[in-house]
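Below, chains carry the letters A, B, ... as their sequence lines are ordered, and counting in each starts from 1.
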Protein chains: 2
Amino acid sequence: MPGAQKGDFAAKLRVAQLRPTKQRVALARLLFAGADRHVTAERLHAEAANSGVRLSLATVYNSLHQFTAAGLLRQVIVDGEKTHFDTNTGEHHHFYFEGGDLLTDIPGGDVRIEGLPRAPAGTEIERVDVVVRLKSRG
Amino acid sequence: MPGAQKGDFAAKLRVAQLRPTKQRVALARLLFAGADRHVTAERLHAEAANSGVRLSLATVYNSLHQFTAAGLLRQVIVDGEKTHFDTNTGEHHHFYFEGGDLLTDIPGGDVRIEGLPRAPAGTEIERVDVVVRLKSRG
DNA sequence: CAATAGATTAGAATTATTCTAAATAACTCA
DNA sequence: TGAGTTATTTAGAATAATTCTAATCTATTG
Ligand SMILES: [Mn+2]
Ligand SMILES: [Mn+2]
Ligand SMILES: [Zn+2]
Ligand SMILES: [Zn+2]
């Protein structure tokens, strides 16, 4: 069983048809070793740097997009500034706290959306995103 | 009744404590003369140019933000690239068609969202946004 | 009108992200 | 395992949306 001891990140990447390079394995570890998380490219890059991995920001962007294309991540658009990537690819929604740029999950099973009209002719629904925008209680 | 004949756009601006300059009145007309609409800064700028108004893109951005602060517009974040501004400030949701960058309204009264957990401690819900992402039927 | 506060704007700056093209590393299989 | 092929990484340039600066206008007010 070649390469099974560093976690199965290399395996996970191979399944996704991505060569398990040092950079991708390091990013996969940061993303998938623990609980589900939400990251921006810039923050993941900083985290990688902190954990001793030297890789370019371009590689972080490349990898995040490749992981997304492979279904390992999804993008969450809540913020006009930066794109957030989410390791939770199941159906769920988000709390978003603007001051603090903080995203947290709302389990999908709990939320029901009723009364949506059907998709316009020639289109179909790809996904329904709910974002609950929070402000601090003043 | 000074300045009532060009539509009440100047009046609308005065109520919002904004000087009814030529530029702002022109933008207000484009935005508020007809049915509700969704625009980006770039598109509104192009439209203004087409309709013979010469104004800078910076002024379009300034005005859109001032109108938003005044409650005449709201922002809709559906797209990592550009910010959309919405003349419909009532409670409602959106269909978003990515290929085509097209936003359309889903009346708010029709949609019910149930099962949302309550806001985390120290925060309160500012707004709940639902975006139904569409793709063309293949 | 004159004075003043506020608005507009050209162009530079900023930020997030993507692109380019050259160097490097992973994979294949003989 | 090594040569050859292909995929990946990366520095730095490029792009795109948006904001900022500071100089010039303009609406308002008395
Ligand atoms: Mn858009
Ligand atoms: Mn951007
Ligand atoms: Zn999530
Ligand atoms: Zn709308």
Side-chain angles (χ1 to χ4, degrees), chain A residues 2-3 6 9-28 30 38-46 48-49 53-70 72-73 75-85 98 101 103, chain B residues 2-4 6 9-28 30 38-46 48-49 52-70 72-73 75-85 98 101 103:
Chain A
K6 325 180 187 173
F9 302 114
K12 184 163 188 158
L13 290 169
R14 275 199 205 87
V15 167
Q17 314 249 52
L18 295 168
R19 287 187 183 175
T21 62
K22 201 180 314 214
Q23 293 86 342
R24 292 207 276 226
V25 170
L27 293 175
L30 290 171
H38 303 93
V39 300
T40 62
E42 194 72 55
R43 278 203 238 148
L44 184 61
H45 183 240
V53 182
R54 190 161 291 88
L55 83 181
S56 76
L57 184 55
T59 297
V60 175
Y61 274 106
N62 289 341
S63 301
L64 287 172
H65 286 131
Q66 290 150 357
F67 293 4
T68 300
L72 270 36
L73 291 178
Q75 284 183 251
V76 186
I77 308 293
V78 281
D79 179 318
E81 316 301 298
K82 38 197 129 226
T83 300
H84 294 251
F85 292 85
E98 317 222 4
D101 209 29
L103 261 183
Chain B
K6 327 179 187 177
F9 302 115
K12 185 164 187 157
L13 290 169
R14 276 198 206 88
V15 166
Q17 313 250 53
L18 295 168
R19 287 188 183 176
T21 62
K22 201 181 316 216
Q23 292 88 340
R24 292 207 277 226
V25 170
L27 293 175
L30 290 171
H38 304 93
V39 300
T40 62
E42 193 73 54
R43 279 206 235 145
L44 184 60
H45 183 240
V53 182
R54 190 161 291 88
L55 84 181
S56 76
L57 184 56
T59 297
V60 175
Y61 275 106
N62 289 340
S63 301
L64 287 172
H65 286 131
Q66 291 150 357
F67 292 5
T68 300
L72 269 36
L73 292 178
Q75 284 184 251
V76 185
I77 308 293
V78 282
D79 178 320
E81 317 300 299
K82 37 197 130 222
T83 300
H84 294 251
F85 292 85
E98 318 223 3
D101 209 28
L103 261 183

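Among the nucleotides C:dT18, C:dT9, C:dC27, the one closest to the side chain of B:Ala58 is C:dT9. When the nucleotides D:dT8, D:dT9, D:dT10 are ranked by their closest atom to the side chain of A:Leu18, D:dT8 comes out on top.
Distance B:Lys22 NZ to D:dT28 P: 13 Å, rounded to the nearest Å. Straight-line distance from the CD atom of B:Gln17 to the P atom of D:dT28: 13 Å, rounded to whole Å. Atom NZ in B:Lys82 sits roughly 13 Å away from atom P in C:dT18 (whole-Å rounding). Between the CG atom of A:Leu57 and the P atom of C:dT17 there is a distance of 9 Å, rounded to whole Å. To the nearest angstrom, P of D:dT5 lies 14 Å from CZ of A:Arg19. In this structure, B:Leu55 places its CG atom 16 Å from C1' of C:dG11, rounding to the nearest Å. Following rounding to the nearest Å, A:Leu27 (CG) and D:dT8 (P) show an atom-to-atom distance of 14 Å. Regarding B:Arg14, its CZ atom lies at a distance of 11 Å from the P atom of D:dA27, rounded to whole Å.
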Exercise. Could you please spell out the steps behind the side chain to side chain contact (heavy atoms under 4.5 Å, CB included) verdict for A:Gln66 and A:Leu27?
Key: CA-CA 12 Å; A:Gln66 290 150 357; A:Leu27 293 175; over 6 Å; no
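Without hydrogens or angle criteria, A:His65 side chain to A:Tyr61 main chain gives a donor-acceptor distance under 3.5 Å. Distance alone, capped at 3.5 Å, is enough to place a donor-acceptor pair between the A:His45 side chain and the A:Leu55 backbone. Between the side chain of A:Arg24 and the main chain of A:Arg19, a donor-acceptor pair closer than 3.5 Å is present.
Residue-level contact check: B:His45 touches neither bases nor backbone, having no heavy atom under 4.0 Å from any strand. B:Thr21 comes within 4.0 angstrom of sugar-phosphate atoms only, judged by non-hydrogen atoms across all strands, and of no base.
Contact annotation: B:Ser56 reaches the phosphate of C:dT9 (side-chain N/O to OP1 or OP2, under 4.0 Å). Residue A:His65 has a polar side-chain atom (N or O) positioned under 4.0 Å from OP1 or OP2 of C:dT18. Taking 4.0 angstrom as the limit, A:Tyr61 places none of its side-chain polar atoms (N or O) nearer than this to OP1 or OP2 of C:dT18. Between B:Thr83 and D:dA17 there is no side-chain N or O to OP1 or OP2 distance below 4.0 Å.
Between A:Thr40 and A:Gln23, the residue anchored closer to the 5' end of DNA chain C is A:Thr40, taking for each the nucleotide with the nearest heavy atom.
Note: B:Glu81 CD to B:Asp101 CG = 9.0 Å, rounded to the nearest 0.5 Å.
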